[in-house]
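Being a predicted model, the structure only gives us computed values, none of them experimental. Each chain gets a letter, A, B and so on, in the order the sequences are listed, and its residues count up from 1.
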Amino acid sequence: MHGDIYIKQMEKVFALVDCNSFYASCEKVFNPKLESKAVVVLSNNDGCIIARSEEAKTAGIKMGEPAFKIRDIIEKKNVQVFSANFALYGDMSQRVMNVLSKFTTDLEIYSIDEAFLDISGLKESELLLYGQQIRNTVLQWTGIPVTIGIAHTKTLAKVANHIAKKSGKCQGVLSLMDEKSIEKALESTPVDDVWGVGRQYNTFLRSNGIYNALALTKASDSWIKKHMHIVGLRTVEELRGQPCISFDMTVADKQAICTSRSFGTPMMDYADIEEAVSTFASRCAEKLRHQNSCAGVLTVFVMTNRFSKDPKYVNGKTVQLPVATNNTAEIISHSSALLKLLFKKGYKYKKAGVILTEFIPEGEVQQSLWDNLNRDKQNQLMSTVDKISSTMGRDVVKFAIQGTRRRWKLRQEKLSPCYTTKWQDLLNIDMDRV
DNA sequence: TCTGGGGTCCTAGGACCC
DNA sequence: TCTGGGGTCCTAGGACCC
């Protein structure tokens, strides 16, 4: 058929490269003592498990579990625990992506540890070998092990990746190209392992007798659309082999920027929270300047610990800024004005945050008649601050209101060195003992 | 003692317009 | 008593992702 030939020629092939236990693997790269040990990485404040090495998974540690609940497993199985070191992980991520970009420029960096490659045009028989080549190169050049799934749609590439992760047979690479193997793969994939099916849809689908990905592909379009909307229908079409999710190599500007933290210990003093909120505001402004935008709307929120029995208070306030800005001083002063309105004495605050939205490009800001700020001068100041921060380190210069006490700071008791981003943390090797 | 942080997209419903 | 038709814009909330 004419149509068939057309589709054959157009058919794309995607490879999803996904780092194995990424954060845990980063810790292992620079610390050979960790090899073959169970390693876990904790969220900020040393709260929950956010990464587990293969050995840690085998030990029965679950994703997202609070660390204090699994103290006994950690002790019994000699699990090596680390506080999240995002400076290290971010830098390692860049290295991995750099290696991938040597293979193709058609690269979509999807998250810190995942990228899609458009590898259309290769012969089907070459795909596995090519995947192995990518895998070996990334491992050799960065020390990070990856798994690769290959298919005609991104969602199927995800399925392939998932299976390759679990099955030793695949040696880290699986391609799902022919109908038979796709069907087998879908049947063995629990429906909640499908990319786009979360907790709610999982419950819903199961209560309707759909337990695996294959069954999901057999549901009717109208039923899917009714209950899972257009996004759900796209997922199902992708599982059927029909590409619906676009491949996008350009990094889109963010539409919202948020900086928020839980405090290491609960805070009751206004001054402490003001320090924290000012620091978050400053961080937001940095991120905003980084993408050359100005924000028109600013939100501040505070909350008490939702798990404790103490009185609870959750609140947020939003302002429309008179002139859209990315100036740290302005964003800090609006943030503390909002905090002043929000703050109520007597509560034990656990978390606060600053959110910026309604962005416009720096060059298109509407001036106000009553604006009495010298914006050119302020912009020069900001770019000087940014330059100092990027060469000499963050917070070398900062606003006084951000404070120095940092009583709100994170708990990070098991932080590893920043092996790749701080001179003083570089590894020393004693040649006499090698 | 101890439970993360930062995003995206879509939909329904209300307000408002002619 | 009856009570159109068609549209836009905005917001809150829900779902998902890593």
Side-chain angles (χ1 to χ4, degrees), chain A residues 16-23 40-51 62-72 74 81-86 89-90 93 108-116 154-155 158 161-162 191-205 224-235 238 244-246 248 251-266 280 283-284 287-288 291 296-297 299 301 303-310 316 318 320 348 350-359 410-414:
Chain A
L16 170 62
V17 180
D18 189 314
C19 301
N20 301 348
S21 317
F22 183 54
Y23 301 161
V40 297
V41 176
L42 305 179
S43 62
N44 277 338
N45 271 317
D46 296 346
C48 308
I49 306 288
I50 56 170
K62 294 205 190 72
M63 191 69 177
E65 218 165 359
F68 72 89
K69 282 191 182 169
I70 53 163
R71 190 131 307 160
D72 50 323
I74 288 174
V81 181
F82 290 89
S83 304
N85 183 346
F86 289 109
Y89 311 149
S93 170
E108 179 185 358
I109 298 172
Y110 178 71
S111 76
I112 194 164
D113 72 332
E114 276 176 79
F116 288 100
K154 287 169 140 189
T155 308
K158 277 262 186 190
N161 195 296
H162 235 97
V191 76
D192 56 311
D193 277 357
V194 172
W195 191 36
V197 176
R199 242 195 15 233
Q200 302 297 320
Y201 287 152
N202 179 41
T203 313
F204 169 76
L205 289 169
I224 293 293
K225 189 158 183 202
K226 181 169 174 206
H227 298 285
M228 298 171 70
H229 314 287
I230 194 77
V231 183
L233 189 55
R234 280 206 279 260
T235 295
E238 285 242 326
C244 296
I245 300 173
S246 61
D248 194 359
V251 180
D253 279 347
K254 295 186 193 335
Q255 299 171 33
I257 286 174
C258 170
T259 306
S260 72
R261 292 286 180 281
S262 298
F263 307 137
T265 49
F280 303 158
R283 208 68 85 220
C284 279
K287 294 180 193 170
L288 193 57
Q291 66 168 38
V297 168
T299 300
F301 67 88
M303 58 178 77
T304 50
N305 189 343
R306 65 200 157 112
F307 297 102
S308 89
K309 290 191 188 92
D310 295 324
T318 299
Q320 180 90 42
K348 291 183 186 165
K350 179 63 182 167
K351 182 176 178 176
V354 174
I355 306 169
L356 300 176
T357 47
E358 313 241 324
F359 298 160
L410 299 175
R411 191 170 35 242
Q412 292 183 308
E413 284 169 7
K414 321 260 179 163

Using OP1 and OP2 only, check whether a side-chain N or O of [X] sits under 4.0 Å from [N].
X: A:T265; N: B:dT1; value: no
X: A:K351; N: B:dG5; value: yes
X: A:R199; N: C:dG14; value: no
X: A:S43; N: B:dT3; value: no
X: A:K350; N: B:dT3; value: yes
X: A:K225; N: B:dC10; value: no

Heavy atoms under 4.0 Å, any strand shown: does [X] hit a base, just sugar-phosphate, or nothing?
X: A:V41; value: nothing
X: A:R234; value: sugar-phosphate
X: A:D46; value: nothing
X: A:E65; value: nothing

Next on the checklist: Whole angstroms only, please: what is the CD1-P distance between A:I230 and C:dC16?
Outcome noted: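 Whole-Å distance recorded here is 17 Å.
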Item to check | Nearest-Å distance for atom pair NZ/C1', residues A:K226 and B:dA12 | outcome: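 In whole Å, B:dA12 C1' lies 16 Å from A:K226 NZ.
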Checklist entry - If the P atom of B:dT3 is compared with that of C:dC18, how far apart are they to the nearest Å? => result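 B:dT3 and C:dC18 have their P atoms separated by 25 Å.
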Checklist entry - B:dC18 pairs with which nucleotide, Watson-Crick or G-U wobble, both distances below 3.5 Å? => result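 B:dC18 is paired, partner C:dG5.
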Item to check | 5'-most by nearest nucleotide on DNA chain B - A:V231 or A:R71 | outcome: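 The answer here is A:R71.
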Checklist entry - Planes under 30° and centres closer than 5.5 Å, is that true for A:F307 with the base of B:dT3? => result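 Base of B:dT3: stacked against A:F307.
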Checklist entry - Relative to each other, are the rings of A:Y23 and A:Y89 parallel, tilted or perpendicular (30° and 60° limits)? => result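 A:Y23 vs A:Y89 ring planes: parallel.
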